[in-house]
Structure formats: C-alpha cells, structure tokens
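Taking it in order: structure first as structure tokens, then the write-up.
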Amino acid sequence: MNTEQIEVAGLSVELVRKPIKNLHIGVYPPAGRVRVAAPPAISEDAIRVAIVTRLGWIKNKQRQFAGQAREPERLYVSGETHYYFGRPLRLGVRQAQVRAGQISVDSADRITMVVPHDASRSDKARWMSAWYRRELRDKAAPRVSKWAARLDVAEPAWGIRAMHTKWGSCNPDTGRLWVNLDLVKKPLVCLDYVILHEMAHFVSRRHDDVFVAVLDRHMPGWRQIRSDLNRLPLSAPLGF
C-alpha cells in the first residue's frame, strides 16, 4: 500500500494505492478530510477526473461535517454532561484517598468520578477512556456472539480502537473485527448495527446485493440507524 498527497481543484486529497478492484472516494469527519483509495492500474489523471466529477458531493459532505454538532471540550469537572450509550449523564467529581480514578453510573442521569486529590485533567481523561473501554467491551461481547450465530459464521476475534474515520472495520482473511471506542457514547442499537455491518462482510466482502440482503434480513431499519448514527455529535478530542 502506497500513500501520497495530491491537490485537485483546491482540495488536498490523500491518495492510497492498494490492491482493490474499484476506486473509492471518501470524506471523513471531523474536518472533511478527502481520501481516495485506488487500484495501482488507474492513472493519476483518471483519479483527478473522478474527484472533479464528484466535487459537488465532496463539498456537500464537508459542509455537513462543518455544521455537525460537536461535544464541548471536556474538563472533567462536576456539572459536565457525558454520554453513555445514548444517555446524557451529569458528571459529579469527588476527591478521596484513592490511587486511581473510580467511575460509576449512580442513576439514570448521574455519573460519579472519584479521583485522587492531585489528579490532573489528563489523568481524568485517561481514567474515563479506560472505563468507557471496559463498558463497551461488556456490551459488545454478547453482540459479537449473537451476530456470529445468526449469520452462521465463525465468531471472530475482536477488539476496540479509537478510530477517527470509521465506526468499525473487519478483515475477513484474518477473521478479526474492530469497533470504534466512541460507540460507547451512542445508543446501543448503533453498536448492534456496526457489529452486524462488519460481520456481514464475512458473508460478502463487498457492499453488494448479497451484503445488503444480509442487513435487510436481520435489521430492516438499518438505513435509518446508520443515518441517525452519522448525525450524532462528534466527540470532543480530549481523551479519545
């Protein structure tokens, strides 16, 4: 795989050469970064034409990302709102004689963080991220097993990553699945959708009719869930 930067019609474009059949143009949050994946055989001139042809779509996606709601920067102080599987929870921070941060959901709308007296903002961000990761793993594990059984595929090895451009990814060759850490903040139906989407690639590698049929059969409302997920606020940068 080879990566380079090219400029097309005033756009900075990341061009990735990889062994795929078709050219793919993507625009990614939060800043509307443009990335093109192309087979080695396609000339740079043909790639430039493809980008110019889709320039209106690219600009529209960038405007959408520019106007998309964003979570405010996190200071990890009492009174902040933090999201937990789609629920907004009010944070309460309490100092105590502890060696590391301890986090718990105390009610339908409250989350408490107990921290050492000398805890810094970056300490709190790290503890929150680690706690989020544990919570997501607890929710994702049974869903991976469920969808493997329903799709009649081998249960994959899987993990959690902080990803900036994808909600999930998979590698059918290695049987591995990744989910985005940020899904811990989104409604659980979004986690279900992402896991099903990625595992459907174990049935069909491409986004073809077979792949779409798997989603339609097992989650008829997946298009609305995907749309809702992509409209939700983008995460604040600190801690992720």
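Only heavy atoms go into these numbers, but all of them, side chains included; no hydrogens, no water, no symmetry mates. Along the sequence shown, the residues carry numbers beginning at 1.
The distance from the OG atom of Ser204 to the CG atom of Asp209 is 9.0 Å, given to the nearest 0.5 Å. Ile25 contributes atom CD1, which lies 13.0 Å from atom NZ of Lys61 (distance to the nearest 0.5 angstrom). To the nearest 0.5 Å, atom NZ of residue Lys186 and atom CD1 of residue Ile225 are 15.0 Å apart. For the atom pair CZ of Arg217 and CE of Met219, the computed distance is 13.0 Å after rounding to the nearest 0.5 Å. Gln102 contributes atom CD, which lies 8.5 Å from atom CZ of Arg94 (distance to the nearest 0.5 angstrom). One distance of note links CD of Glu155 with OG of Ser145; it measures 3.5 Å at 0.5 Å rounding.
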Please test Ile103 against Met128 for side chain to side chain contact (heavy atoms under 4.5 Å, CB included), starting from the C-alpha separation and ending with a verdict. CA-CA 7 Å; Ile103 301 167; Met128 180 69 80; 4.1 Å; yes
**Derivation of the side chain to side chain contact (heavy atoms under 4.5 Å, CB included) call for Arg161 and Asn180** = CA-CA 5 Å; Arg161 281 179 172 170; Asn180 191 329; over 6 Å; no
**Prompt:** side chain to side chain contact (heavy atoms under 4.5 Å, CB included) between Glu135 and Val105: does it pass, once the steps are laid out?
**Reply:** CA-CA 11 Å; Glu135 293 296 303; Val105 176; 5.8 Å; no
Trp167 vs Leu183, side chain to side chain contact (heavy atoms under 4.5 Å, CB included): CA-CA, chis, key distance, verdict | CA-CA 7 Å; Trp167 290 114; Leu183 285 167; 3.7 Å; yes
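In terms of modelled atom types and a separation under 3.5 Å, the side chain of Arg143 and the main chain of Ile195 share no donor-acceptor contact. A donor-acceptor contact shorter than 3.5 Å links the side chain of Arg121 to the backbone of Arg74. In this structure a side-chain-to-backbone donor-acceptor pair under 3.5 Å is missing from Asp216 to Ala213. Arg90 places a side-chain N or O within 3.5 Å of a backbone atom of Gly79 that can act as its donor or acceptor partner.
There is no path of hydrophobic side-chain contacts, each under 4.5 Å, that joins Val114 to Leu91. Residue Trp158 is not grouped with residue Trp178 when hydrophobic side chains (ILVMFWY) are merged at heavy-atom distances under 4.5 angstrom, including chains of intermediate members. Linking ILVMFWY side-chain heavy atoms closer than 4.5 Å, directly or via other members, places Val34 and Ile20 in two distinct hydrophobic clusters. Note on Met163: it does not cluster hydrophobically with Leu136, by side-chain heavy-atom contacts below 4.5 Å among ILVMFWY residues. A single hydrophobic cluster is not seen to contain both Val27 and Val49; linkage of ILVMFWY side chains at heavy-atom distances under 4.5 Å, directly or through other members, places them apart.
No salt bridge links Asp138 with Arg133; every basic N to acidic carboxylate O contact stays at or beyond 4.0 Å. A salt bridge links Asp192 to Lys146: one of the charged nitrogens lies within less than 4.0 Å of a carboxylate oxygen. A salt bridge links Arg33 with Glu14; the closest basic N to acidic carboxylate O contact falls under 4.0 Å. A salt bridge does not link Arg48 to Asp45: none of the charged nitrogens lies less than 4.0 Å from a carboxylate oxygen.
With a 6.0 Å radius and a threshold of 12 heavy atoms from other residues, nucleotides or ligands, Asp173 has its CG atom above the threshold. In Asp152, the CG atom is not crowded: 12 or fewer heavy atoms of neighbouring residues, nucleotides or ligands sit closer than 6.0 Å. By the neighbour-count criterion of 12 heavy atoms within 6.0 Å, atom CZ of Arg176 is densely surrounded, having more than that number from other residues, nucleotides or ligands. Residue Gln97 places its CD atom among 12 or fewer non-hydrogen atoms of other residues, nucleotides or ligands, all under 6.0 Å distant.
Residues Arg35 and Leu15 form no side-chain contact, since every pair of their non-hydrogen atoms from C-beta on lies 4.5 Å or further apart. Put simply, the side chain of Asp109 does not reach to within 4.5 Å of the side chain of Arg87, judged on heavy atoms. When side chains are defined from C-beta on, Val194 counts as touching Leu229, because their heavy atoms get closer than 4.5 Å. Side-chain atoms of Arg137 and Ile160, non-hydrogen and from C-beta on, do get closer than 4.5 Å to each other. Side-chain contact between Met199 and Pro156 is present, with heavy atoms from C-beta onward closer than 4.5 Å. Proximity of Gln62 to Leu11: side-chain heavy atoms (C-beta onward) are separated by under 4.5 Å at one or more points. Contact of the Phe85 side chain with the Val184 side chain is registered, since non-hydrogen atoms from C-beta on lie closer than 4.5 Å. In this structure, Val13 and Ile51 have side chains that are in contact, with non-hydrogen atoms separated by less than 4.5 Å.
Ala38 and Leu23 get closest at one heavy-atom pair: CB-CD1, 4.1 Å. Contact record, His201 with Cys170: CB-SG, 3.5 Å, taken as the closest heavy-atom pair. Taking each heavy atom of Val93 and Ser78 in turn, the nearest pair found is N-OG, 2.8 Å. The shortest non-hydrogen separation linking Pro88 to Tyr83 is CB-CE2, 3.8 Å.
For the residue pair Ser12 / Glu7, no side-chain donor-acceptor distance below 3.5 Å is found, with atom types taken as modelled.
Tyr193 and Trp222 have parallel rings, their planes meeting at less than 30° on a 0 to 90° scale where 60° marks the start of perpendicular. Using cut-offs of 30° and 60° for the angle between ring planes, the His197 and His207 rings count as tilted. Between Trp131 and Tyr84, the two ring planes are parallel [angle under 30°; tilted spans 30° to 60°].
Taking the six-membered ring for Trp and the full ring otherwise, the centers of Trp147 and Phe202 sit at least 6.0 Å from each other.
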